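To start, the structure itself, in structure tokens.
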Amino acid sequence: PTKHCLGDVDDKYCSKPHDKTYCFKYASFQATSRLLVNYAEPYRSQILDYLFKPNFGASLQILKVEIGGDAQTTDGTEPSHMHYENDENYFRGYEWWLMREAKKRNPNITLIGLPWAFPGWIGRGKNWPYDYPDITASYVVSWIIGAKQYHNLEIDYVGIWNERSFNSKYIKLLRYTLDKNGLERVKIIASDNLWEPITLFVLQDRELSEAVDVLGAHYPGTTTVPEALKTGKQLWSSEDYSTFNDDVGGGCWARILNQNYVNGQMTATISWNLVASYYQDLPFGRDGLMTAQEPWSGNYVVESPIWITAHTTQFTQPGWKYLQTVGHLAHGGSYVALTNQRGNLTIVIETMTHDHSVCIRPPLLPYTVTAQRATFCLKGSFASISELQVWHSKFDFKVKKPVYFQKLSPVKVSNGSFTLDLDVDEVYTVTTITTGLKGNYPEPPPSSPFPKIYKDDFKVQHPDFSEAPDFADQTGVFEYFINETDPGPHVYTLRQVVTQRPITWVADADQTISVIGDYKWQNVTVSCDLYMEEENGGGVFVAARVDKGGGSVRSARGIFFWVFADGTYKVTSDLSGQSVLAEGQSGTRANIWNTLTLSVKGDNAFGELNGHVLWKNAVGLVPKNGWAAIGTSSFQLAQFDNFAVQAE
């Protein structure tokens, strides 16, 4: 067998003299938990326990959240705490709740905020956040201050602009603004993109180097660049994984968790995404550590990445150090070793084969792994260890009977060494830590499709969340609203509130849209009361068979039934309103409630306005299935009430 010696007599830790925090962290990250908040108890708390509760499931050590910017960021929009310049509200969206729930379970969890997009007012008409860097810095810092003031949440790290350009002047100004507000402890990660060019800028600019605490790269393929190592900064894979969470996804996760350090000296790996809690037919469906996409049924699935995560997180803590004598096994696979520098030791071993550990990106070069015997010798302060706990996972791609996070008998250390027989596609944790536990709850309810009959009148006097259940905003932001000017039946409504195109991350639509329901729906009736607040240019719609969301929302097709404040209507097969199927006079105007009903069956559809048929038409050249939706013809204020769907 190949021998691997671990010990602090002739071993160095990975920390550097200037490293004030810690060399090891493991993390996960969130921007896609839209449906999670809608789960009933006890299922919602069970899901959160599998993610955050120490010594139960994934036992996550970092939660990275989006600083909402009112724009599309992969699978939907997240509301900003400042829709407008004179507006501040620190209770919008679900991120505050998620951070509180994570902290409730693990008070030591590290919190990170990162913007994907920004409200339009920050750019003063330009799709760019850096022309007025003082405004952008103040906006981001206000989110950090609000987290503490309103939720008692201390944000530990903040990023720049996800996978987009960084600006050195802005980073320095952000550091200055943090310090000026007494937030010296909040550290900056840059630049959540590629290793270059940020590493070159940091090496050449001392003030920038002093402002940046962590260099974070996305999907680095377990490698770094020499310039990044030269900076002496902590290196993180600040977004990784993004892979379908079947067993190959679990294998991907096992491989990169180890090899990001072995190959690239990265001491944190952050998964996109935390939990697949969004409609699966949106982009990157089921690319989370677990799946929770059916609040209507209560069904969720604890996928293999949860238990692969536990192999590391249940047996280490922030503050532990990697040993430098880690690396590749002789016949493929890798091992890492970590210590708390007080005698505890954790070794994580993975033997994932190429085809069973391919991540979504980047491409994985060929390599081979075969069964092998490996001996580990313990020296220095580890020489006195006589027994180690063993946890084991075995992927089984042949007969599909995998074993995840199983506690085996302890291994005896004899004459300072122990030997393991390693098969392919396995993960082992060998550790002095005795607190590991595979938590479990009773089976959740069985999976079921979205209800075929669905209604929401939005009558919620004190909503727990700003967004109505099950609606997934794809452009714009739709929030609960109390309509104090309406003494009639429309006091409690849903309102689209974004009035200016945001500084976007992807190509948001020019219209606003929120989707809901079952993507498989074909024959369906969608009804909603609508209220246009814009006299000039006002327009609203209901839709069926909507086929796209996420970054492709601009090209969404379906059947869209629009009415406008100028007294007209039209029916189109696209969100952009260009492919017109029917049009004419409707008599609609702003500041009046109207009821629109769209009925689609096979290749035929008809629309009703206030109970009277307004149009009938053949709609052959449209998608055969898709979501229901509501929205507006531009970024404008509009209200919606008494939404109803009936599907066959």
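Note that the structure is predicted; figures quoted are calculated from it, not measured.
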Donor on one side chain, acceptor on other, E78 and Y94, under 3.5 Å: yes
Whether W96 and H151 hold their rings parallel, tilted or perpendicular, with breakpoints at 30° and 60°: parallel
S576 side chain to D510 side chain, donor-acceptor N/O pair below 3.5 angstrom: no
Ring geometry between W272 and Y278 (parallel below 30°, tilted from 30 to 60°, perpendicular above 60°): tilted
Any donor-acceptor N or O pair under 3.5 Å, side chains Q639, T493: yes
Audit row: F471, F643, ring pair (Phe, Tyr, Trp, His ring centres under 6.0 Å) steps and yes/no: CA-CA 11 Å; F471 280 92; F643 176 84; 5.1 Å; yes
Geometric cation-pi criterion, R44 with Y39: 6.0 Å, 45°: no
Geometric class of the W97/F465 ring pair [parallel <30°, tilted 30-60°, perpendicular >60°]: perpendicular
Ring centroid separation Y150 to F91 under 6.0 Å: yes
ring-ring contact (aromatic ring centres under 6.0 Å, His included) partner of W521, chosen from F450, W627, Y279, Y454: F450
Geometric class of the W615/F561 ring pair [parallel <30°, tilted 30-60°, perpendicular >60°]: perpendicular
Check: E239/Y219 side-chain N/O donor and acceptor closer than 3.5 Å: yes
Approximate separation, where rounding is to 0.5 Å, of Y300 OH and Q293 CD: 14.5 Å
Proximity of W121 and Y84 rings by center, below 6.0 Å: no
Side-chain donor-acceptor pair present, T243, W253, cut-off under 3.5 Å: no
